[in-house]
Chemist: 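I have a structure I would like to understand better, so I am pasting it below and will then ask my questions one at a time.
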Amino acid sequence: MFPRPIQELNLSKQRLYKIALPISLLIWLLPMIAIVATAGRSLSDINFGNYWGMPTEWAFVANFTAVFDSSPILIYLMNSFIITVPAIIGALFLSTLAGAGLALYRFKFHFFIFALFIAGNFVPFQILMMPVRQLTLDLGIYDTYWGVILFQIAFQTGFCTFFMRNFIAELPFELVESARSEGVSEWKILIHVIVPLLRPALAALAVLQFTFIWNDFFWPLILIQSDELRPVTLGLTTLKGQFISSFNLLAAGSLIAAFPPVMMFFAMQRHFIAGLTLGASKG
């Protein structure tokens, strides 16, 4: 199931690996290198087409300062946290309940219900744009935090349930049977037996969901109209001038917006890797 260690391959394949790895890494990092380089350039350099050459002057401090001075980016960052954190909590809570139900019990239409969770991940968001917007208007939650939060929970729960169901299915079922034989209720089994074993999976999902929801541009664009409610991904559009695009400020703002997910990953890296390794190997 897992690839063979590179040390076990023949010499020619090891050499090919050592050549391909840095090339692949450079190609993968090229957009990030371009953004960092642009964030340090002056607007005059960009206007004269100096995208990859040595800047005539470094403007990192000036560009990052201008981002904070020319836009309420701190408010946008706070809005992103207000939307992202409750959405993660809601998606993890619902997916834990649904995943446990699908992994521990067999009932009529079990496979059909599980298939619905999987199929929902393949529905293009674009075709749901107008129905979702109209539904938020009918419910009175259009242009509110809760409108975005509830639909982020709804759209992320399918993937989270698929992940949690696979993870729970790999846990030793003898623990559940032992607790049942002692007369422990199903709810207490979930809380005291299952959930403590789900920490790697919950950590991995928390990192993934934080990245997905924090970086989402589509649903805030559709469901939020007020400037004071915009998350940072939508708020970055305010850095684009009316007659000229300040790409250096957009690049600097993008780096600021990317900082929280990166810090989240490094803080949860060990649990993230453990959760993916243990939870994604059984379908």
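All values below come from the heavy atoms of this structure, side chains included, with hydrogens, waters and symmetry mates left out.
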Chemist: How many angstroms lie between CD1 in I23 and NZ in K18, if you round to the nearest 0.5 Å?
Modeler: 14.5 Å
Chemist: Assigning hydrophobic clusters by single linkage (Ile, Leu, Val, Met, Phe, Trp, Tyr; side-chain heavy-atom cutoff under 4.5 Å), is F151 placed with Y142?
Modeler: no
Chemist: Do R165 and F117 meet the cation-pi criteria used here (NZ or CZ under 6.0 Å from the six-membered ring centre, within 45° of the axis)?
Modeler: no
Chemist: Go through the steps to decide whether I224 and I83 satisfy the test side-chain contact (heavy atoms from CB on, under 4.5 Å), and finish with yes or no.
Modeler: CA-CA 12 Å; I224 290 181; I83 292 171; 4.1 Å; yes
Chemist: When you measure from the side chain of N63 to the backbone N and O of R41, does any donor-acceptor pair fall under 3.5 Å?
Modeler: yes
Chemist: For a quick test of reading the model, state the closest non-hydrogen atom pair linking A39 to L255 and the distance between them.
Modeler: CB-CD1, 3.8 Å
Chemist: For V195, does its backbone N or O pair with a side-chain atom of R199 as donor and acceptor, under 3.5 Å?
Modeler: no
Chemist: Just by distance, no angles: are the side chains of N166 and E170 close enough, under 3.5 Å, to form a donor-acceptor pair?
Modeler: no
Chemist: Locate the shortest heavy-atom distance separating I149 from A87; write the atom from each residue and the value.
Modeler: CG2-N, 4.1 Å
Chemist: Indicate the atoms forming the closest heavy-atom contact of I191 with P196, along with that distance.
Modeler: O-CD, 3.2 Å
Chemist: Would you name the heavy atoms of Q126 and F218 that are closest together and state the gap between them?
Modeler: CA-CZ, 4.0 Å
Chemist: Determine whether V207 and F93 fall in the same hydrophobic cluster, where Ile, Leu, Val, Met, Phe, Trp and Tyr are linked whenever their side-chain heavy atoms lie under 4.5 Å apart.
Modeler: yes
Chemist: May I ask you to check whether over 12 heavy atoms, not counting those of Y17, lie within 6.0 Å of atom OH?
Modeler: no
Chemist: Within this structure, what is the CG-CD1 distance for the pair L92 and I153, rounded to the nearest 0.5 Å?
Modeler: 10.0 Å
Chemist: Are I33 and L25 in one and the same hydrophobic cluster, where Ile, Leu, Val, Met, Phe, Trp and Tyr link if side-chain heavy atoms are under 4.5 Å apart?
Modeler: yes
Chemist: Determine whether a donor-acceptor pair (N or O, by modelled atom type, separation under 3.5 Å) exists between the side chain of S80 and the backbone of V232.
Modeler: yes
Chemist: Take L175 and L197 through the side-chain contact (heavy atoms from CB on, under 4.5 Å) test and state the conclusion after the steps.
Modeler: CA-CA 11 Å; L175 295 175; L197 299 175; 3.8 Å; yes
Chemist: Inspect the surroundings of CZ in F173 and state if more than 12 heavy atoms from other residues, nucleotides or ligands are less than 6.0 Å away.
Modeler: yes
Chemist: Locate the shortest heavy-atom distance separating V193 from A179; write the atom from each residue and the value.
Modeler: CG2-CB, 4.4 Å
Chemist: To the nearest 0.5 Å, tell me how far L223 CG sits from L137 CG.
Modeler: 9.0 Å
Chemist: Check the hydrophobic clustering (I, L, V, M, F, W, Y; side-chain heavy atoms under 4.5 Å; chains of links allowed) and say if L26 and L29 are grouped together.
Modeler: yes
Chemist: Under a single-linkage definition using a 4.5 Å side-chain heavy-atom cutoff for Ile, Leu, Val, Met, Phe, Trp and Tyr, are V148 and I141 assigned to the same hydrophobic cluster?
Modeler: yes
Chemist: More than 12 heavy atoms of other residues, nucleotides or ligands under 6.0 Å from CZ of F109: is that the case?
Modeler: no
Chemist: Can you find a heavy atom in the side chain of L198 that is under 4.5 Å from one in the side chain of F167?
Modeler: yes
Chemist: Assess whether side-chain contact (heavy atoms from CB on, under 4.5 Å) is satisfied between L77 and I256, documenting all intermediate values.
Modeler: CA-CA 9 Å; L77 289 170; I256 295 172; 4.1 Å; yes
Chemist: Under a 4.5 Å cut-off applied to non-hydrogen side-chain atoms, are L97 and L190 in contact?
Modeler: yes
Chemist: Counting C-beta onward and ignoring hydrogens, is there a side-chain heavy-atom pair between I189 and E177 closer than 4.5 Å?
Modeler: no
Chemist: Rounded to the nearest 0.5 Å, how far does CG of L229 lie from OH of Y145?
Modeler: 5.0 Å
Chemist: Which residue is it: Y76, F259, F81? I am looking for the one with a ring-ring contact (aromatic ring centres under 6.0 Å, His included) to W214.
Modeler: F81
Chemist: Atom CG in L234, atom CD in Q225: separation rounded to 0.5 Å?
Modeler: 11.0 Å
Chemist: Would you check if the side chain of S178 reaches a backbone N or O of E174 as a donor-acceptor pair within less than 3.5 Å?
Modeler: no
Chemist: Should V67 and F64 be marked as a side-chain contact (heavy atoms from CB on, under 4.5 Å) after you check the CA-CA gap, both sets of side-chain angles, and the distance that decides it?
Modeler: CA-CA 5 Å; V67 170; F64 281 95; 5.6 Å; no
Chemist: Rounded to the nearest 0.5 Å, what separates atom CG in N121 from atom OG1 in T161?
Modeler: 9.0 Å
Chemist: Evaluate the side-chain proximity of L202 to M164: yes if any heavy-atom separation is below 4.5 Å, no if none is.
Modeler: yes
Chemist: Would the distance check show the side chain of N79 and the main-chain N or O of R230 forming a donor-acceptor pair, the cut-off being under 3.5 Å?
Modeler: yes
Chemist: Look at the rings of F212 and F159 and say which category their plane angle falls in: under 30° parallel, 30 to 60° tilted, over 60° perpendicular.
Modeler: perpendicular
Chemist: Would you mind reporting whether L128 and F155 have side-chain heavy atoms less than 4.5 Å apart?
Modeler: yes
Chemist: Heavy atoms only: give me the nearest P260-A257 pair and the separation to one decimal.
Modeler: CD-O, 3.4 Å
Chemist: Treating T233 as the side-chain partner and D216 as the backbone partner, does any N or O pair qualify as donor plus acceptor under 3.5 Å?
Modeler: yes
